[in-house]
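Side chains included, hydrogens not; waters and symmetry mates left out as well; all remaining heavy atoms used. A note on names: the letters A, B, ... follow the listed sequences, proteins ahead of strands, and every chain is numbered from 1.
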Amino acid sequence: MPEGVEIEMYRRHAERAVGRVVEQVETPDAWYLKGGTTGEDLVDGLVGATIDATGRIGKLLLLDASSGHRLGLRFGMTGRLLIDEEASIEELEYSSRRNDPAWDRFALVFTNGGRLTMRDPRRLGGVELDPDESRLGPDAFSITARPLRERVLVGEVALKARLLDQSRIAGVGNLIADEVLWRAGLDPARPAGGLNATEEKRLLRNLRRVLSDFMEQGGSHTGKLQVARVRGGRCPTDGAELLRREVGGRTTYSCPAHQG
DNA sequence: CTCGACTCCTGTTAGC
DNA sequence: TGCTAACAGGAGTCGA
């Protein structure tokens with residue numbers, strides 16, 4: 001599913017839209033418009049404007065328009081981004097391999113005839129004009145030791161729940177969280193505030209490595225733990241049967257032997 | 001402010 | 001073979 005890694009790939013793909021002029025906005029699914037944004041808002045704010053730049057905070061993809069407005073795109077669990085009908089990621093985990101235009105929820109049509117399309121079977125994504133970015137914590141790709149320690153590694157709540165909390169660190173989803181904690185040898189259910197200095201460093205180091213590995217390998221489904229994230233799966237490093245639990249409201253796989 | 005529970009959505013898949 | 005129910009998770013809301 002799209003996590004920060006996939007959204008960064010989408011952002012790079014969306015660079016192909018920079019410099020183009022919006023001719024038309026297509027909103028076939030009103031449910032997909034979020035935060036009070038209407039089709040009329042999008043037409044008023046975007047038609048005639050040039051896409052000047054792309055941006056990303058966590059899982060939120062941003063398109064800056066020359067009108068001064070900023071378009072926010074969220075992809076939920078199954079959303080894909082198409083530019084001129086071309087996808088950046090062909091295999092999206094947990095998404096359909098089918099590629100049905102009936103799932104098009106939103107599109108920008110450009111004056112050159114090309115288009116930017118959001119194709120989302122399960123409709124968990126959404127589009128918002130000028131979204132509130134202040135609700136997101138520092139981006140996972142650039143977070144440093146201090147904000148990690150002060151905003152994420154605090155309190156009694158489960159460590160993994162903290163990593164998934166977009167207001168504290170933006171961009172970590174279920175697969176990235178499981179892979180990072182597995183590599184760092186940390187139990188997902190431990191209190192977030194209970195890590196010592198060594199463990200904090202280990203967490204940050206592994207977060208950075210996982211993000212860079214996943215970017216290189218083509219997505220958050222390319223982790224070493226991924227193949228074992230099935231019922232009865234075994235730890236790829238020590239062979240112990242993985243623990244399958246719900247932590248932070250999400251299905252969580254961890255190794256009882258080396259994640260302490 | 002914190003935090004867990006609940007809800008939304010629908011294609012896929014396991015199981016009968 | 002065909003049907004049903006469980007499952008997946010990002011994100012918002014609500015109430016204690």
> Charged N to carboxylate O under 4.0 angstrom, A/Glu85 versus A/Arg119?
Replying inline: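 Counted as a salt bridge, because a side-chain N and a carboxylate O are separated by less than 4.0 Å.
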> Would you call A/Arg70 and A/Asp130 a salt bridge, taking side-chain N to carboxylate O under 4.0 Å as the test?
Replying inline: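 Looking at A/Asp130 together with A/Arg70, the answer is no, because their closest N to O distance does not fall below 4.0 Å.
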>> On DNA chain B, does the nearest nucleotide to A/Trp31 precede the nearest nucleotide to A/Arg162 from the 5' side, or the other way round? Give the residue.
In response: A/Arg162
For a quick check of understanding: with a heavy-atom distance under 4.0 Å over all strands, which category does [X] fall into, base, sugar-phosphate or nothing?
X        : value
A/Lys34  : nothing
A/Arg105 : nothing
A/Arg244 : sugar-phosphate
A/Arg250 : base

> Is it the case that A/Glu15 and A/Thr54 place a side-chain donor and acceptor less than 3.5 Å from each other?
Replying inline: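 There is such a pair (donor and acceptor under 3.5 Å, judged by atom type) between the side chains of A/Glu15 and A/Thr54.
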Using whole Å, what does the distance between atom [atom2] of nucleotide [N] and atom [atom1] of [X] come to?
X        : N      : atom1 : atom2 : value
A/Leu164 : C/dG12 : CG    : P     : 14 Å
A/Asp165 : B/dT2  : CG    : P     : 9 Å
A/Glu246 : B/dA5  : CD    : C1'   : 10 Å
A/Asp132 : C/dT13 : CG    : P     : 11 Å
A/Arg135 : C/dG10 : CZ    : P     : 17 Å
A/Tyr10  : C/dG10 : OH    : C1'   : 13 Å
A/Arg119 : B/dC9  : CZ    : C1'   : 18 Å
A/Arg122 : B/dT10 : CZ    : P     : 11 Å

Which one, [options], comes nearest to the side chain of [X]?
X        : options               : answer
A/Glu3   : C/dG10, B/dC9, C/dA11 : C/dG10
A/Arg74  : C/dA8, C/dA11, B/dC3  : C/dA11
A/Val157 : B/dC9, C/dA11, B/dC3  : B/dC3
A/Met77  : B/dC8, C/dA8, C/dA11  : C/dA8
A/Lys59  : B/dC8, B/dC3, C/dG10  : C/dG10

> Do you know which of A/Ile169, A/Val154, A/Leu148 makes side chain to side chain contact (heavy atoms under 4.5 Å, CB included) with A/Arg162?
Replying inline: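 Filter result, single survivor: A/Val154.
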>> Whether A/Arg231 contacts B/dA14 is assessed here as follows: a side-chain N or O lying under 4.0 Å from the phosphate OP1 or OP2. Is that the case?
In response: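 Indeed not, no polar side-chain atom of A/Arg231 lies that close.
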> Would you say A/Trp103 reaches B/dG11's phosphate, i.e. side-chain N/O to OP1/OP2 under 4.0 Å?
Replying inline: yes
> Of A/Asp213, A/Asp178, A/Asn206, which is the lone residue that meets side chain to side chain donor-acceptor pair (under 3.5 Å) with A/Arg183?
Replying inline: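 Considering A/Asp213, A/Asp178, A/Asn206, a side chain to side chain donor-acceptor pair (under 3.5 Å) with A/Arg183 is found only for A/Asp213.
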